[in-house]
Amino acid sequence: QVQLVESGGGLVQAGGSLRLSCTASERTFSTYSMGWFRQAPGKEREFVATINWRGSVTYYRDSVKGRFTISKDNAKNTVYLQMNSLKPEDTAVYYCAGRPWGGGGPNDAFNTWGQGTQVTVSS
């Protein structure tokens with residue numbers, strides 16, 4: 001089974017940027033739809049952005065549209081989340097997730113998850 005490892009989290013001031021990376025252990029990544037999710041303390045996990053296996057269709061939650069960009073590099077087995085204009089409310093543990101094929105929508109049954117990376121945005 002594919003294993004996912006996130007990196008790129010950290011502490012940043014409001015208005016700053018971070019790029020999260022999630023690297024898969026196997027070349028079958030090219031057939032995987034991928035997503036980024038986040039969970040803030042005391043809150044349920046929520047969808048942030050997803051991308052279909054081709055990399056041709058993306059979805060974003062309303063609060064990150066225009067600020068975050070998800071992209072997929074099959075040659076590097078990696079999915080990215082570029083986060084700009086960060087806000088304190090973006091503070092959370094960010095998880096990447098994947099599933100074979102699928103439409104890449106936020107309600108897809110993602111069955112492989114990474115361990116998470118902390119993003120903290122100070123005001």
Side-chain angles (χ1 to χ4, degrees):
Q1 185 175 356
V2 172
Q3 293 184 332
L4 303 174
V5 179
E6 300 102 331
S7 61
L11 173 63
V12 64
Q13 288 188 334
S17 298
L18 283 174
R19 188 177 78 159
L20 304 183
S21 301
C22 173
T23 301
S25 59
E26 297 183 11
R27 291 186 178 277
T28 50
F29 174 82
S30 64
T31 64
Y32 269 58
S33 291
M34 300 297 296
W36 286 97
F37 297 77
R38 66 188 181 188
Q39 187 168 19
K43 295 186 177 181
E44 293 187 354
R45 186 171 61 196
E46 63 184 19
F47 139 79
V48 177
T50 58
I51 188 167
N52 71 338
W53 63 274
R54 287 191 176 95
S56 58
V57 179
T58 57
Y59 298 85
Y60 297 93
R61 73 179 299 105
D62 287 345
S63 63
V64 308
K65 285 180 181 177
R67 300 189 297 123
F68 290 11
T69 303
I70 188 171
S71 61
K72 190 172 184 272
D73 187 338
N74 288 334
K76 296 183 177 181
N77 289 357
T78 300
V79 62
Y80 302 98
L81 185 67
Q82 178 66 45
M83 305 186 295
N84 299 328
S85 302
L86 282 160
K87 304 176 180 180
E89 51 264 42
D90 294 318
T91 295
V93 177
Y94 283 70
Y95 299 90
C96 76
R99 60 152 293 164
W101 308 112
N107 294 320
D108 269 9
F110 291 96
N111 58 6
T112 302
W113 293 82
Q115 82 288 351
T117 185
Q118 176 70 46
V119 171
T120 303
V121 184
S122 63
S123 57

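For this chain, numbers begin at 1 and follow the sequence in order.
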Compare every heavy atom of [Y] with every heavy atom of [X], then report the nearest pair and how far apart it is.
X	Y	result
Ser123	Pro88	CB-CG, 3.8 Å
Thr50	Gly104	OG1-O, 2.5 Å
Ala49	Leu81	CB-CD1, 4.2 Å
Leu4	Cys22	CB-SG, 3.7 Å
Ala24	Val2	CB-CG1, 3.7 Å
Gln39	Ala92	O-CB, 3.4 Å

Any non-hydrogen side-chain atom of [X] less than 4.5 Å from a side-chain atom of [Y]?
X	Y	answer
Glu6	Tyr94	no
Phe47	Tyr59	yes
Ser25	Val5	no
Phe29	Met34	yes
Val48	Met83	no

Linked, directly or transitively: [X] and [Y] (ILVMFWY side chains, under 4.5 Å):
X	Y	result
Ile70	Tyr95	no
Leu20	Trp113	no
Ile51	Val64	yes
Tyr80	Val119	no
Val12	Phe68	yes

Q) Quick one: do the Asn84 and Ser17 side chains pair a donor with an acceptor below 3.5 Å? A) yes
Between Phe110 and Phe37, is the ring centre distance below 6.0 Å?
yes
Could you check whether Asp90 pairs with Lys87 (Lys NZ or Arg NE/NH1/NH2 to Asp/Glu carboxylate O, under 4.0 Å)? no
Interatomic distance, CZ@Arg54 vs OG1@Thr31, rounded to 0.5 Å, equals 11.5 Å
OH of Tyr32 to CG of Asn111, rounded to nearest 0.5 Å, is 6.0 Å
Checking Asn77, Asp73, Thr78 against Thr23 for side-chain hydrogen bond (donor to acceptor under 3.5 Å, both in side chains), the one that qualifies is Thr78
Please check: side-chain N/O of [X] versus main-chain N/O of [Y], any donor-acceptor pairing under 3.5 Å?
X	Y	answer
Thr112	Ala97	no
Lys72	Trp53	yes
Tyr60	Gly66	no

Checking Thr120 against Thr91 for the side chain to side chain donor-acceptor pair (under 3.5 Å) test, could you report, in this order, the C-alpha distance in whole Å, the side-chain angles of both residues, the deciding distance, and whether it holds? CA-CA 5 Å; Thr120 303; Thr91 295; 5.3 Å; no
- For atom CD of Gln3, is the number of surrounding heavy atoms from other residues, nucleotides or ligands below 6.0 Å larger than 12? no
